[in-house]
Number of protein chains: 2
Amino acid sequence: MKKKKTYHHGNLAESLLDAVDEIASQFGLEAVTLRACAKLAGVSPSSAFRHYVDKRALFTAFATRALNQLTAAMSAAKAIAEKDGQDAFKAVGIAYIAFAIDKPAFFRAMWREEAIYSNDDHYRQAANNLSAQLTGGFADTIDDKDPETLSAQELLAWSAVHGLANLFVDGPVGNATPRQQKIEKAVEMIDALMPAFQPSNA
Amino acid sequence: MKKKKTYHHGNLAESLLDAVDEIASQFGLEAVTLRACAKLAGVSPSSAFRHYVDKRALFTAFATRALNQLTAAMSAAKAIAEKDGQDAFKAVGIAYIAFAIDKPAFFRAMWREEAIYSNDDHYRQAANNLSAQLTGGFADTIDDKDPETLSAQELLAWSAVHGLANLFVDGPVGNATPRQQKIEKAVEMIDALMPAFQPSNA
DNA sequence: GTGCTATGTGTACATTGTTCACATATTTTC
DNA sequence: GAAAATATGTGAACAATGTACACATAGCAC
């Protein structure tokens, strides 16, 4: 039940992502260094390049993973809300913001345009899925859809949620505020947003 | 009319900010290196430390400057809108998003929590001013105000605008879209938001 | 002028991303 | 099952970067 002390690691690509996860969680994204990741995975620095062409490629994979985690969290929140007969969008929006609050480094990693290859296929796919999950309550199709085709209301919904998440994580809002109060602020904001989604305003 | 070839530079602190500006504009934030800035300012690398304790401090100063530029742009847009009898918030919101589109590196620099000292006094002040300028149309006081005290509607307004700006700059929205279309999208989004600000929804 | 302080220089060092020739494991092929 | 081919990990090296420090030079106070 130990590490098989084999020369080959067996699952290094994943392990490196776990290392990014670990270091980013504890010390922030800026502290994530290739060498530290390699060390955490118990492997020499240069071995990372067998699995990722770049540090940037590693970050891209990590961003993709984070996007998928957030999408899953939203999906779970939606399922619960629907079962309880509550507003699905509200639940999904709160899940989005809560994720940003709880895992700021992950949230930052998802959108670091200059530090990832944002036209990577897997990354794009994950971003599309996230977009579809968030705006799913609005459109007829929950299918995977391109963020370019969002309606004004869908774009508004995403923007508001995404914006508050960013203001909490990287902005001057709620810096010294405990988590619970931030969530309440988020609920208030989404409540204030609801009138924009009345059928009469379509 | 040349550089006075004096041993002392005379205005290095500012010149270094100009260098960040220049490099970030041309090659992005990630390309900004202390040594490159020093070279651009015509000075040795170590001299930068006489004016900024850190690279991070330099970035903080640059972020502050960028915040003030954005605040000024919003202020100008507001003045024009008021003179023309147009909706002030809409004009200010568009100015915010347009700034992000036109100067993405500057916009990113403003909110890089992990790369700046976000509790620096000047930075905080600039962020407060920006907050006040954006939400000025809502509150009774346009005075400098703490972002913590924003109402739900003010927070919604900022979140929506900030969110779309971020989606354009670092997100999957509008990647291949020409500037003008992004602006139109922004106008649509803000239009969709307006019902949330009706007095009946206060 | 003589100091005092502010500002810029040059050298040096540790850390980082990355490369490359080499070593070792795994898989394929006969 | 041996040999060949391929995949995966290693170690030493390099250039670039942020930063420290002892020193040089400028500007100012008296």
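Here is how names work: the chains are called A, B, and so on, in the same order as the sequence lines, proteins then strands, and each is numbered from 1.
Rounded to whole Å, atom P of D:dT19 lies 8 Å from atom NZ of B:Lys55. Straight-line distance from the CG atom of A:Leu34 to the P atom of D:dG9: 14 Å, rounded to whole Å. We find that CZ of B:Phe49 is positioned 6 Å from P of D:dA20, with the value rounded to whole Å. As a whole-Å value, the separation of A:Asp54 CG from C:dT19 C1' is 13 Å. Note: CZ (B:Arg50) to C1' (C:dG8) measures 7 Å, nearest angstrom. Taking atom NZ on B:Lys39 and atom P on C:dG8, their separation rounds to 18 Å, with Å as the unit. Rounded to an integer number of Å, the gap from A:Leu12 CG to C:dT26 C1' is 16 Å.
Nearest heavy atom pair, residue B:Ala126 against residue B:Thr64, reads CB-CG2, 3.8 Å.
Judged as a salt bridge (charged side-chain N to carboxylate O under 4.0 Å, His left out), the pairs with a partner in residues 161-173 of chain A (not counting sequence neighbours) are, in order, A:Arg108-A:Asp170. Listed by first and then second residue, the salt bridge (charged side-chain N to carboxylate O under 4.0 Å, His left out) pairs that reach into residues 16-30 of chain A are A:Asp18-A:Arg65, A:Asp21-A:Arg65, A:Glu30-A:Arg112, A:Glu30-B:Arg112, sequence neighbours excluded.
Along DNA chain C, the nucleotide nearest A:Ala36 and the nucleotide nearest B:Gly42 are compared for position; the residue whose nucleotide lies closer to the 5' end is B:Gly42.
The phosphate of D:dG9 (OP1 or OP2) has a side-chain N or O of A:His51 nearer than 4.0 angstrom.
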Only distances under 3.5 Å count here; give the side-chain donor-acceptor pairs of residues 180-196 of chain B to other protein atoms, sequence neighbours excluded, each with its distance to 0.1 Å.
unit_1, atom_1, unit_2, atom_2, d
B:Lys185, NZ, A:Leu150, O, 3.1
B:Asp191, OD1, B:Lys90, NZ, 2.7

Pair A:Ile101-A:Tyr96, side chain to side chain contact (heavy atoms under 4.5 Å, CB included): steps then yes or no: CA-CA 9 Å; A:Ile101 294 173; A:Tyr96 194 105; over 6 Å; no
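One distance of note links CE of A:Met110 with NE2 of A:His162; it measures 9.5 Å at 0.5 Å rounding.
Side-chain contact annotation: A:Glu113 with A:Ser118, donor-acceptor N/O pair under 3.5 Å present.
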Nucleotides 11-13 of chain D: which of its N/O atoms have a protein N/O under 3.5 Å away?
unit_1, atom_1, unit_2, atom_2, d
D:dG11, N7, A:Ser46, OG, 3.4
D:dG11, O6, A:Ser46, OG, 2.4

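Qualifying ring pair (Phe, Tyr, Trp, His ring centres under 6.0 Å) partners for B:Tyr123, counting only residues two or more places apart in sequence or in other chains: none.
Shown here is B:Asp121, whose CG atom has no more than 12 heavy atoms of other residues, nucleotides or ligands within 6.0 Å.
Heavy-atom distances under 4.0 Å link DNA chain C to no residue of residues 13-30 of chain A.
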